[in-house]
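Working notes, beginning with the structure itself.
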Protein chains: 2
Amino acid sequence: MTTVLIADDQPLQRFGFRMLLESQDDLTVLGEASNGSEAIRMTAQLHPDVVLMDIRMPGLDGIEATRRIVATGDRTRVLILTTFDLDEYAHAGLRAGASGFLIKDAQPEELLSGIRSVATGDAVVAPSLTRRLLDAYAHHLPAGGAAEGASQVDPRLSALTEREREILTVIGKGWTNSEIAARLHLAESTVKTHVGRILAKTGSRDRIQAVILAYDSKLVEPA
Amino acid sequence: MTTVLIADDQPLQRFGFRMLLESQDDLTVLGEASNGSEAIRMTAQLHPDVVLMDIRMPGLDGIEATRRIVATGDRTRVLILTTFDLDEYAHAGLRAGASGFLIKDAQPEELLSGIRSVATGDAVVAPSLTRRLLDAYAHHLPAGGAAEGASQVDPRLSALTEREREILTVIGKGWTNSEIAARLHLAESTVKTHVGRILAKTGSRDRIQAVILAYDSKLVEPA
DNA sequence: GCCACCGTAGTACCGCGGTACCACGCCCCT
DNA sequence: AGGGGCGTGGTACCGCGGTACTACGGTGGC
């Protein structure tokens with residue numbers, strides 16, 4: 001028997017998941033959490049085999065919740081379920097230690113088999129994401145290494161090197177590539193290389209997403 | 001007995017809706033459509049009392065499907081259900097003739113009562129949308145002027161028209177021109193015209209500066 | 001009745017941004 | 001001595017973004 005905790009801020013979505021899971025003999029829903037903090041608390045208390053985790057939740061989001069749950073060393077596995085197949089999320093989610101990543105745009109059967117796979121220790125990634133994930137990881141692996149303390153660093157930035165975070169900061173200030181090159185005494189091609197890696201690592205499709213990330217992660221502060 | 005057609009491209013979402021609705025004695029699900037065209041065809045065939053319509057669907061979207069269903073003059077009512085409470089959607093949806101507009105971030109009871117209201121000819125709008133809808137419709141009358149609240153609008157945004165502020169908001173969310181066009185039902189050239197005027201009026205050299213402005217002026221909030 | 005503004009839409013053009021791929025020197029670790 | 005990560009730099013290509021200009025229907029003001 002596999003036990004599951006549902007973490008999603010949308011009541012209707014939770015309801016659907018619960019109905020689907022409980023229609024299966026081998027799956028039991030232990031509870032429902034509507035945000036990240038709740039998910040962490042309930043996981044510590046109920047020790048489910050699998051947490052079905054939504055990313056977008058008020059307060060503590062699914063990525064951060066995943067990180068903390070995985071950090072406990074408990075045997076609970078996290079399967080992230082999101083509406084969008086943005087690599088940004090996939091990256092951050094997998095870096096956070098999730099065992100799987102599926103998009104909600106999936107057949108019920110896929111979700112069920114995903115849960116069963118994750119419960120037995122396997123990993124699952126939505127087909128539509130697999131390719132891009134491989135590309136991104138082939139491009140460059142994490143490195144990051146230490147940086148354990150780091151405290152309130154946004155997990156999505158954790159893969160970036162020192163220099164890359166610097167560049168991201170000025171991207172967030174709206175500088176163009178040529179401006180960055182001039183003011184940091186670099187060749188524009190170097191700047192492009194950095195920017196490319198930043199986009200790949202953070203899963204941003206263009207510098208605009210990176211600007212938004214810089215703001216959301218408080219790398220740059222609103223004026 | 002109220003009959004319902006579910007139109008949503010996400011199988012899991014449909015499953016949840018179906019389970020919820022069928023748990024009620026007075027509601028029957030006649031069928032499920034996974035895109036707009038299917039919704040239209042099935043409506044013409046099954047004549048449900050209510051169509052539960054998602055906006056984002058591949059091919060023909062929910063707005064256009066709503067328009068065509070309403071245009072048939074049939075007594076079928078459309079209740080739009082969307083993930084986001086963007087006013088663009090609400091506007092477009094209600095203009096298209098929808099009888100209601102709810103966000104998926106709702107309690108199951110709200111959805112059920114919404115369906116019953118719409119079936120009896122009433123209209124339903126999600127509480128979080130009501131205010132903005134009223135604001136927008138008020139603007140329809142006297143061209144703003146008063147705007148008693150006036151709130152804390154950033155002076156740099158004061159030259160913008162209502163529509164331009166809308167566009168700037170989604171620019172701030174990182175949408176590309178083509179995404180804006182698609183989701184707001186505009187031609188890309190129109191979007192470019194708007195963007196160009198926004199940049200000119202705000203003194204931004206590119207959309208990146210506009211994104212930063214949107215954050216700094218609190219037009220969009222950090223996640 | 002006319003004019004100004006707004007929202008819509010189109011065409012044509014060009015440059016920056018992003019990608020793909022390659023390359024080299026430095027430093028740290030084994 | 002090797003290897004891997006990092007920062008630097010280069011070339012080539014292409015698509016999206018932004019500009020310039022035009023146009024037209026609707027609405028509200030005068």
Side-chain angles (χ1 to χ4, degrees), chain A residues 87-88 131-132 134-147 158-168 170-172 174-212, chain B residues 87-88 91-92 95 136-146 158-168 170-172 174-212:
Chain A
D87 347 56
E88 181 188 344
R131 186 181 159 197
R132 279 179 293 173
L134 291 181
D135 288 351
Y137 272 85
H139 208 293
H140 249 291
L141 260 208
S158 55
L160 301 181
T161 66
E162 197 73 24
R163 189 57 156 166
E164 285 162 359
R165 246 185 294 264
E166 258 181 79
I167 307 278
L168 177 53
V170 297
I171 290 176
W175 297 13
T176 64
N177 286 340
S178 66
E179 281 172 348
I180 297 174
R183 300 188 196 178
L184 296 186
H185 307 291
L186 295 174
E188 189 169 343
S189 61
T190 304
V191 176
K192 283 191 173 189
T193 303
H194 282 309
V195 172
R197 285 206 266 259
I198 291 169
L199 298 184
K201 287 186 181 178
T202 60
S204 309
R205 79 173 151 206
D206 55 33
R207 71 198 294 115
I208 303 193
Q209 304 279 348
V211 169
I212 292 173
Chain B
D87 349 55
E88 297 89 86
H91 278 145
R95 266 206 313 265
Y137 273 86
H139 159 266
H140 203 49
L141 303 180
S158 56
L160 300 182
T161 67
E162 197 73 25
R163 189 56 157 167
E164 286 161 357
R165 248 184 294 263
E166 268 180 68
I167 307 278
L168 177 53
V170 296
I171 290 177
W175 297 12
T176 64
N177 286 340
S178 67
E179 282 173 347
I180 297 174
R183 302 190 194 176
L184 265 50
H185 305 101
L186 294 174
E188 190 170 343
S189 61
T190 302
V191 176
K192 283 191 171 190
T193 303
H194 282 308
V195 172
R197 289 195 191 128
I198 290 169
L199 297 185
K201 287 186 181 179
T202 60
S204 310
R205 78 173 152 205
D206 55 31
R207 74 197 293 114
I208 304 196
Q209 304 283 347
V211 169
I212 293 173

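Order of the sequence lines fixes the chain letters, A, B, ..., with proteins taken first and strands second; residue numbering starts at 1 for each chain.
Remark: P of dG7(D) and CD of E166(A) are 9 Å apart, rounded to the nearest angstrom. In this structure, I180(B) atom CD1 and dA9(C) atom C1' are separated by 16 Å, rounded to whole Å. Rounding to whole angstrom units, CD of residue E162(B) and P of dT27(D) are separated by 17 Å. At whole-Å resolution of the value, CD1 in I167(A) and C1' in dG7(D) are 10 Å apart. Rounded to whole Å, atom C1' of dG7(D) lies 11 Å from atom NZ of K201(A).
Comparing atom distances between the E164(A) side chain and each of dG7(D), dG10(D), dG7(C) picks out dG7(D) as nearest.
The minimum heavy-atom distance between I171(A) and A210(A), with the atom names listed, is CG2-CB, 4.3 Å. Shortest non-hydrogen contact noted between G174(A) and Q209(B) is O-NE2, 3.3 Å. Between A181(B) and A187(B) the shortest heavy-atom distance is CB-C, 4.0 Å.
Residue T190(A) places at least one side-chain N or O closer than 4.0 Å to OP1 or OP2 of dG9(D). Taking side-chain N and O atoms only, S189(A) has no distance below 4.0 Å to OP1 or OP2 of dG9(D). A sub-4.0 Å separation between OP1 or OP2 of dG7(D) and a side-chain N or O of H194(A) is absent.
Contact annotation: the side chain of E179(B) never approaches that of V170(B) to less than 4.5 Å [non-hydrogen atoms, C-beta and beyond].
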Distances for protein N/O vs nucleotides 17-24 of chain D N/O pairs under 3.5 angstrom?
from, atom 1, to, atom 2, distance (Å)
dG17(D), N7, K192(B), NZ, 3.2
dG18(D), OP1, R207(B), N, 2.4
dG18(D), OP2, R207(B), NH1, 2.8
dG18(D), N7, K192(B), NZ, 3.2
dG18(D), O6, K192(B), NZ, 2.9

Scan the side chains in residues 188-200 of chain B for donor-acceptor partners under 3.5 Å anywhere in the protein, sequence neighbours excluded, and list what turns up.
from, atom 1, to, atom 2, distance (Å)
T193(B), OG1, S189(B), O, 2.9

